[in-house]
Structures are given as structure tokens and as C-alpha cells.
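Data block below; observations after.
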Amino acid sequence: MKRIYLSVPHLGTEEEGFVREAFDSNQLSSVGPHLDEFEREMSSLIGLPAVALSSGTAAIHLGLRVLGVGRGDEVVAPTLTFVATVNPIRYLGAEPIFVDSERASWNLNPELLANLLRERAASNRLPRAVIVVHLYGRSADLDPILDICNRYEVPVLEDAAQSLGAIYKGKHVGSRGAVSAFSFNGNKVITTSGGGMLMAQRRDMVDKARFWSTQARDPGVAYEHSELGYNYRLSNVLAAIGRGQLRVLSERVRQRRAVFSRYCQTLADLPGVEPMPQPSWGFHTNWLSCFLIHRARFGATRDDVMSALAAENIESRPVWKPMHLQPLWRKAECLGGSVAEELFAEGICLPSSSSMTVAEQEKVVATIRAQCTRRTG
Ligand SMILES: *Cc1c(COP(=O)(O)O)cnc(C)c1O
């Protein structure tokens, strides 16, 4: 029984040629033409200067640092996300303030954010930055979020790690915040096997991040350092993979969207199965296909469905466990939280690879259907 995975890499036709070029020219380090080109191609797609890094987490870490986040600061982030969004807050000695999701997009709730910043401004304790996550390939409602943050002059970092290719009101996600982060981890829409990209409105911020990403070596021949750096640069070989992957990005997005709409069609008649929302403000890549399983109407729980899938050698996942429920973050402040808790309790991420066959998807659907003990009509 061949395993059906949640999300696997899906190569195009040009990656190998680019990688061979890197080998043939012996450019296997963190300098090289593919690295420059990969940054240039991402820049022209999103419309901002870019620096290629070893991971999305590194991009968030350096992004927060260029925004001035440091010891004793606070940074707002959605509670419903992957832990990599928020770990870099603590790398910098700062602490998160979590905010609940809105139902409309499962992303950061703009009203709760407005309340928080209003209260904090009144007591002169504004957070240093706000992180917005575009979850599962769906853009957050950026306009109200950016309006609120502009009013209080709090910079926004867009975590677009799960959402390269998604559009909000005609513009790519990751193009509006002061800083944004993308990931090319092996399970994202496109991959370099591991990698990330940091972008910023201000070129000097991108240059600063590039400087820190290669150990912050001061100009001159002596290895002199006046700032703390990291080894966070992407390699030329992995950038070569990324260039090939960028050429098939729109195809991969189309395929992921097709997977989601097939699930929607084939599960539509089951009571108590609710697809993740597709808010009309954006074009959503549907990186992962997620559904809520409402126990009373469906006649089985989300966990029953996950066990049945596992028995068929099919990988699935709950929707992210909210950060405010994590032992790691138990002391952090959280505004609201019940929406994220409900999404976590009922939400399931189904196999969503762009390379998944129709037959594989039919097997997933049949397994889910067999769990439903209620029938309408
Ligand atoms: C994957 C991911 C990251 C981190 O990216 P890596 O490249 O794996 O370090 C950050 N935020 C979110 C929301 C992610 O899904």
C-alpha cells in the first residue's frame, strides 16, 4: 500500500540543468550566479528587494531584527500558526502577544488587533512589531491590519511561508508589509529542499539582513566583526533548484487549487464537513486542503477520520495547535483564543500534493466518506 503523503516536493524540468551548471562551474558555496538570479526572480515576482536565506525561520529571525525587535520587546502574532512564526521572537529576547483568528480567513483577527493596539497605545506599551501569517495559502485581510498598524506606527512582518503565489486584492502576499518572509522547505508549494527569502520595502534592511546572514564581516581583509552575525545564507546549489521551481510555480498553484476543489466537490454532500474559507478578497493557493469535521452532524470526530486515514497509510494532520495551548508559550498573553481552539479541535489537513493523482485522491475521499455515519436525504 503506497503511502499518500500530506505534501511532497514536485520538481519541474529545469531544476537538474541549473544544478548541473552549479556543479560544472564548482559554484557550490553561498556565492554564485544562481543565488543572485534566484533573488532577482523572486524580486520581480513580488516587487521588493530580496535576500535568499537558509530557511523561512531565518528570514523571520532577521526580519524581526531589522525591525528593531530586541530584549524586553513584545511582538504580536496570531495564535493559530506553525511554531516557526514565533520562535524567532524569543531568539531575540522578546516575547509574543497572541491574537485569535477570525472565522472569515482563519487568520489574524483585525478587530482584536485594533483593540489591543488601542489599549497598548493608551498605556504607552505598544508592541515593537506585528506578524501576520497567511495560513495554508490563504491571505489574511491585510488592508484593515495595515491601517491599524500604520495608525500606531507599528511595523508589519508578513509570514508568507505557506502562501507564495497567493494574491490579496491584486497584489502578491508578502508585498505590503515592511518586511516579509517566504519558505522553500520541502513541503511548501515550491521548494529548494530547504531555504527561505526575506524581502523588505527598504533596500537598506535587505542589505543589513544579507550582511548578518554571512557572519556580519566588516569590510576589509581582516576578519573584523562589530556586529553579531549568523550563518544563514542559502547556497548557490539550492538556489539553482529554486530557479527551476519558480518556473513551475503557477502550475503548482493551479494543481493545489484543483486538489482542493475536487475535495470540495466530492465531500459536498456529507453533512458536517466544512471546507476552509476562501475569502473573496484574494486568490488563495490552498497549499494545504483543510476541512472542519463537525462531530454531531458528521457522526464521527476529526480524530476518527485521522485514524481511518492512517489505517489506509494516508498522512493527515490536525490544523495547527494554537500557540497559547503550547507548553513552550504557556506564560504568553493571548487575546481571545476560542476560534483557534475550535479550528484546532475540528480541523484536518488532507493530502494536498500538487503531484497527487486523482486515484489517490479518490482513496482519501472514500476513506473519509466511510467514516460519516449520518446521511442527509
Ligand atoms: C514553514 C513555515 C515557516 C518556516 O519556514 P522554514 O523554511 O521551514 O524554516 C514559518 N512560518 C510558517 C507559517 C511556516 O509554515
Side-chain angles (χ1 to χ4, degrees), residues 5-9 38 42 50-65 69 75-92 96 98-99 101 105-108 129-140 142 145 156-166 173-174 177 179-199 209 213 230-235 238-239 241-242 245-246 252 256 276 284-290 317-323 326 328-329 340 343-344 347 349 352-353:
Y5 291 97
L6 193 77
S7 179
V8 295
F38 187 40
M42 275 293 288
V51 54
L53 301 171
S54 53
S55 70
T57 310
I60 296 168
H61 185 186
L62 297 187
L64 290 174
R65 191 170 158 197
V69 173
V75 174
V76 175
T79 185
L80 192 72
T81 187
F82 178 48
V83 73
T85 302
V86 292
N87 279 345
I89 298 171
R90 197 170 279 168
Y91 298 169
L92 290 162
F98 297 123
V99 170
S101 299
S105 68
W106 297 8
N107 288 314
L108 187 75
V130 170
I131 303 179
V132 177
V133 182
H134 305 291
L135 216 55
Y136 297 127
R138 292 190 321 293
S139 93
L142 277 174
I145 292 169
V156 171
L157 184 151
E158 286 185 67
D159 177 352
Q162 302 182 358
S163 297
L164 176 61
V173 303
V179 168
S180 57
F182 293 91
S183 166
F184 306 105
N185 187 27
N187 66 4
K188 304 287 158 86
V189 172
I190 61 169
T191 184
T192 58
S193 78
M197 192 78 71
L198 181 152
M199 297 198 170
S213 77
Y230 314 86
N231 182 4
Y232 272 179
R233 193 82 163 111
L234 190 69
S235 100
L238 301 190
I241 302 175
Q245 286 275 277
L246 265 186
R252 297 293 172 265
R256 296 256 175 186
M276 62 186 185
H284 311 288
T285 66
N286 297 325
W287 167 59
L288 292 185
S289 287
C290 309
R317 256 192 211 165
V319 160
W320 300 117
K321 178 165 188 162
M323 292 302 114
Q326 303 280 355
L328 177 63
W329 301 108
L343 298 174
F344 167 58
C349 307
S352 309
S353 300

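Residues: numbered from 1 along the sequence shown. Each ligand, and each atom within it, is numbered from 1 in the order the structure gives.
- The distance from the CE atom of Met276 to the OH atom of Tyr136 is 9.0 Å, given to the nearest 0.5 Å.
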Can you list every pair where an N/O of ligand 1 is under 3.5 Å from an N/O on the protein?
| unit_1 | atom_1 | unit_2 | atom_2 | d |
| --- | --- | --- | --- | --- |
| ligand 1 | 5 (O) | Ser183 | OG | 3.2 |
| ligand 1 | 7 (O) | Gly56 | N | 2.7 |
| ligand 1 | 7 (O) | Ser183 | OG | 2.7 |
| ligand 1 | 9 (O) | Gly56 | N | 3.3 |
| ligand 1 | 9 (O) | Thr57 | N | 2.9 |
| ligand 1 | 9 (O) | Thr57 | OG1 | 2.5 |
| ligand 1 | 11 (N) | Asp159 | OD1 | 3.3 |
| ligand 1 | 11 (N) | Asp159 | OD2 | 2.8 |
| ligand 1 | 15 (O) | Gln162 | NE2 | 2.8 |
| ligand 1 | 15 (O) | Lys188 | NZ | 3.1 |

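- Taking the side chain as every heavy atom from C-beta outward, Gln326 and Val83 never approach each other to under 4.5 Å.
- A donor-acceptor pair is defined here as one N or O able to donate and one able to accept, closer than 3.5 Å; no such pair exists between the side chain of Ser54 and the backbone of Arg233.
- With sequence neighbours left out, the ring-ring contact (aromatic ring centres under 6.0 Å, His included) criterion links Tyr230 to His61, Tyr232.
- In terms of the side-chain contact (heavy atoms from CB on, under 4.5 Å) criterion, residue partners of Ser352 (sequence neighbours excluded) are, by chain and number, Arg256, Leu288, Ser289.
- Remark: Asn286 engages Gln278 in a side-chain hydrogen bond (donor to acceptor under 3.5 Å, both in side chains) (not counting sequence neighbours).
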